[in-house]
Number of protein chains: 2
Amino acid sequence: MNKRITIYDLAKTLKVSPGTVSRSLNNHPSISDKTKQRVIAKANELGYKINKFASNLSSQKSNTIGVIVPKLNSNFMSTILAGIEKVVNEAGYSLIISQSLESMEKEKINSMTLFNSGVDAILVSLAYDTTDYEHFTPFIKHKIPLIFLDRVPNLPECLTLIIDNYLAGFEATEHLIEQGCKNILYIGGNQNRNVYLERFKGYRAALKKHGLDYSFDELLETDLDPRNIDEVITYIKNHPTPIDGLFVASDSFAAHCIKELKKVSFKIPEDIKVVGFNNDPISELISPSLTTINYPGYEMGVLAGQSVINQLKGNIDMQATNAISLRHELIIRESSTIK
Amino acid sequence: MNKRITIYDLAKTLKVSPGTVSRSLNNHPSISDKTKQRVIAKANELGYKINKFASNLSSQKSNTIGVIVPKLNSNFMSTILAGIEKVVNEAGYSLIISQSLESMEKEKINSMTLFNSGVDAILVSLAYDTTDYEHFTPFIKHKIPLIFLDRVPNLPECLTLIIDNYLAGFEATEHLIEQGCKNILYIGGNQNRNVYLERFKGYRAALKKHGLDYSFDELLETDLDPRNIDEVITYIKNHPTPIDGLFVASDSFAAHCIKELKKVSFKIPEDIKVVGFNNDPISELISPSLTTINYPGYEMGVLAGQSVINQLKGNIDMQATNAISLRHELIIRESSTIK
DNA sequence: AATAAATATGCAATCGGTTGCGTAATTAGT
DNA sequence: ACTAATTACGCAACCGATTGCATATTTATT
């Protein structure tokens with residue numbers, strides 16, 4: 001109904017110039033309070049709404065932040081997103097969210113799209129198989145803040161938010177060792193991704209520290225998709241040396257492991273002790289409840305949001321920072337301990 | 001680095017008009033193939049990228065779809081979002097996602113923001129406490145497609161995507177009755193929301209059909225937040241007539257109920273049989289595994305995406321449709337059956 | 001070859017704010 | 001009361017692409 005009110009309409013009825021209207025609405029100092037009031041009052045009266053298209057064009061800003069995540073429908077990612085959304089929304093930004101579906105190709109397309117859309121900044125958690133990072137160079141060239149979370153590359157130019165996956169892997173493994181495990185299997189995702197590689201390195205370091213590195217040191221790389229759980233079970237069942245400890249890089253996958261292992265009559269934790277990763281809500285609901293590493297996803301999202309906002313507002317103190325590491329924590333539950 | 005190439009730059013180097021460049025890039029029929037090739041080649045050569053700000057302004061379209069959900073970090077919602085994102089992204093649209101955090105006030109603000117941002121369409125799942133819907137009228141007035149999912153209002157003007165919550169509630173309850181339950185408690189959310197109200201109505205209808213409506217008919221309304229699980233447990237524990245069946249409107253909450261009930265030495269399913277809702281991944285991982293209603297979230301997201309795209313492309317056959325109901329399914333597991 | 005028809009391109013207005021610069025209006029200073 | 005210093009506002013260019021209409025160019029028709 002009835003076309004939109006523009007600043008020109010306001011200018012005409014108020015008998016001032018469009019420039020004055022614009023400045024009034026933006027609370028520009030060189031406009032008297034009296035006129036500002038008049039303009040704002042009339043704007044409300046006529047139901048004026050800014051046209052973002054025009055505003056974006058002339059200001060070359062969109063008040064929009066792009067996000068690329070591997071998958072939306074994972075507890076961890078959606079928790080991070082919730083944190084990001086809350087913070088940036090409060091700061092007046094909107095989020096354009098897209099998923100790479102774990103494919104570098106789609107990640108490339110998405111980043112192109114977001115770049116073309118004129119996002120003011122971009123947050124990325126890498127796809128499973130991303131191996132080169134050239135699709136991010138446009139952002140760097142144009143000095144558009146680019147922040148990586150959780151799954152990060154080795155790009156010195158941009159801020160990364162992570163936890164100490166190495167240490168977490170170390171702690172998880174050492175805990176299993178302390179519980180008496182000798183033959184611990186690490187089940188993780190693509191070793192190209194820092195998170196899985198670092199956890200593995202931590203795992204090895206713990207084995208080494210306890211002199212177990214020559215007896216047993218084994219990595220099972222999978223896509224951590226529950227549909228492929230059978231391979232894992234078969235692997236464990238048929239393993240020459242009986243496995244007595246499992247460090248799984250994802251709670252959800254660990255939960256499936258436990259379920260299936262129980263089906264083939266392994267006792268958890270008696271036969272095999274299990275430690276997961278993430279502290280997914282699932283971890284405390286299954287039985288036995290799952291020992292895991294608490295990964296503060298929501299806090300990471302909040303921090304990511306704050307970092308972006310800071311960079312956009314030009315708070316330079318952040319610029320120096322290159323990597324922020326959040327605190328993790330080993331949460332010991334039933335799956336790894338015998339009472 | 002070097003400023004952005006515009007169609008004017010292209011026009012100048014190619015010695016054609018900006019209009020011709022624009023039409024070539026948009027594959028307009030009135031441009032010869034030869035010039036189109038020339039333009040496109042040069043555009044690639046110089047690394048031309050369209051300026052969406054300008055494009056949006058003159059075309060009055062953003063190729064952007066807004067979404068408001070109660071919470072991002074719920075398995076159900078993020079699954080729906082994954083479906084939506086996949087479909088609309090393939091159709092060339094981006095998603096602006098915001099969360100109301102279950103508050104009508106924030107929902108209002110978000111819808112204003114999205115309206116001002118010039119989204120081409122908007123998808124909404126209502127907040128917990130939304131009671132009036134005037135904040136959506138701008139979309140209706142301006143004929144911007146407005147689609148509701150799952151948590152929907154009674155607005156005849158717009159498409160709603162739901163499942164038959166009434167029937168699902170009926171089936172869940174009847175299943176419990178068939179398993180021998182006499183005193184079945186329904187635990188649901190705010191009765192203002194269709195989903196919880198309809199499930200309750202279905203529950204009552206099942207009781208009535210089996211002549212149980214005078215003996216026991218009880219609703220426990222909660223916010224379904226695990227932090228408030230204690231009230232529920234206390235309620236059940238102290239109930240004058242022993243409760244032997246539980247129909248919980250959320251799997252996640254049901255899982256917490258089971259966990260806590262087990263703690264206070266109720267046997268599930270022997271003492272109390274439980275049916276949840278949603279078929280959350282958690283439901284098959286807990287023990288006893290949870291009988292539930294399969295709610296096809298991803299499919300709903302896909303359908304929502306398709307519906308939006310259809311409306312945007314002007315496929316009028318959709319316009320007539322007012323409500324689409326997806327198929328649900330009772331999945332019987334251990335929490336409600338004694339083998 | 002002359003005219004009609006079809007095709008290809010250019011011109012210029014438009015979308016609606018933003019902002020540097022210049023000037024008018026007001027206030028301060030002596 | 002008169003000039004100087006502020007303060008308030010207007011003018012107009014600009015952001016970059018889209019598109020209706022006019023015109024030029026090519027192809028078809030007889």
Side-chain angles (χ1 to χ4, degrees), chain A residues 2-40 42-43 46-64 92 113 115-120 142 144, chain B residues 2-40 42-43 46-64 92 113 115-120 142 144:
Chain A
N2 43 48
K3 54 188 285 281
R4 272 176 92 120
I5 306 287
T6 71
I7 55 169
Y8 295 94
D9 301 326
L10 287 179
K12 203 174 296 171
T13 61
L14 289 167
K15 299 200 196 314
V16 296
S17 77
T20 302
V21 174
S22 173
R23 281 185 253 251
S24 297
L25 263 14
N26 291 312
N27 200 27
H28 191 284
S30 80
I31 299 289
S32 71
D33 286 343
K34 203 182 63 185
T35 2
K36 277 181 192 169
Q37 300 310 329
R38 287 210 314 139
V39 171
I40 291 169
K42 185 59 82 178
L46 301 186
Y48 166 81
K49 305 251 182 344
I50 193 174
N51 182 323
K52 288 274 187 188
F53 297 156
S55 171
N56 290 345
L57 175 59
S58 67
S59 67
Q60 301 290 352
K61 297 201 174 317
S62 65
N63 273 274
T64 275
T113 305
F115 181 78
N116 288 340
S117 310
V119 292
D120 295 342
H142 290 260
I144 295 169
Chain B
N2 43 49
K3 54 189 285 279
R4 272 177 92 121
I5 306 288
T6 72
I7 55 169
Y8 295 95
D9 302 325
L10 287 179
K12 202 174 295 170
T13 62
L14 289 167
K15 300 198 196 313
V16 296
S17 76
T20 300
V21 173
S22 173
R23 280 185 256 252
S24 296
L25 262 14
N26 291 311
N27 200 26
H28 191 283
S30 81
I31 300 288
S32 69
D33 286 344
K34 203 182 62 188
T35 7
K36 277 181 192 168
Q37 300 310 330
R38 285 208 318 138
V39 172
I40 292 170
K42 184 60 80 179
L46 301 187
Y48 166 80
K49 303 253 184 341
I50 192 173
N51 182 320
K52 289 273 187 189
F53 297 157
S55 171
N56 290 346
L57 174 58
S58 70
S59 66
Q60 300 289 353
K61 299 201 173 315
S62 65
N63 273 274
T64 275
T113 305
F115 181 78
N116 287 340
S117 310
V119 293
D120 295 342
H142 289 262
I144 295 169

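Computed over heavy atoms, backbone and side chain alike; hydrogens, waters and symmetry mates excluded. The chains referred to below are lettered A, B, ... by the order of the sequence lines, with proteins before strands, and numbering in each begins at 1.
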- Item | Shortest non-hydrogen contact from A:Pro18 toward A:Ala11 | N-CB, 3.6 Å
- Query: Which pair of heavy atoms, one from B:Leu14 and one from B:Val39, lies closest together, and at what distance?
  - Reply: CD1-CA, 3.7 Å
- Query: How large an angle, rounded to 10°, do the end axes of the helix from C:dA1-D:dT30 to C:dT30-D:dA1 enclose when each is built from five base pairs?
  - Reply: 30°
- Message: From CD of B:Gln37 over to P of C:dA8, roughly how many Å is that when rounded to an integer?
- Response: 13 Å
- Message: Return the OH to OG distance between B:Tyr8 and B:Ser17, rounded to the nearest 0.5 Å.
- Response: 10.0 Å
- Task: Would you confirm whether B:Lys36, through its side chain, and B:His28, through its main-chain N or O, come within 3.5 Å as a donor-acceptor pair?
- Result: yes
- Base-contact (B) and sugar-phosphate-only (S) positions in nucleotides 5-16 of chain D, heavy-atom cut-off under 4.0 Å, - elsewhere: ---BBBB---BB
- Query: Atom NE2 of B:His28 to atom P of D:dT19: distance rounded to whole Å?
  - Reply: 8 Å
- Query: Can you tell me how far P of D:dT18 sits from CG of B:Leu10, to the nearest Å?
  - Reply: 12 Å
- Task: Would you mind classifying the nucleic acid contact of A:Asn56 as base, sugar-phosphate or nothing, using non-hydrogen atoms under 4.0 angstrom?
- Result: nothing
- Closest approach of A:Ile50 to A:Arg4 (non-hydrogen atoms, all atoms of both residues): O-NH2, 2.9 Å
- Message: I need the CG-P distance between A:Asn26 and C:dG16, as an integer number of Å.
- Response: 17 Å
- Note on the structure: Correct closest heavy-atom pair for B:Ser30 and B:Arg23 would be OG-CD, 4.2 Å
- Task: Take the protein atom NZ of B:Lys61 and the nucleotide atom P of C:dG16, then report the distance between them rounded to whole Å.
- Result: 14 Å
- Query: Are side-chain heavy atoms of A:Ile7 and A:Leu25 found at a separation under 4.5 Å?
  - Reply: yes
- Query: Think A:Ser22 has a side-chain N or O under 4.0 angstrom from the OP1 or OP2 of C:dT18?
  - Reply: yes
- Does some side-chain heavy atom of A:Thr6 sit less than 4.5 Å from a side-chain heavy atom of A:Asn51? no
- CG of A:Leu25 versus P of C:dT18: gap in Å, rounded? 8 Å
- Message: Counting C-beta onward and ignoring hydrogens, is there a side-chain heavy-atom pair between B:Asp9 and B:Tyr48 closer than 4.5 Å?
- Response: no
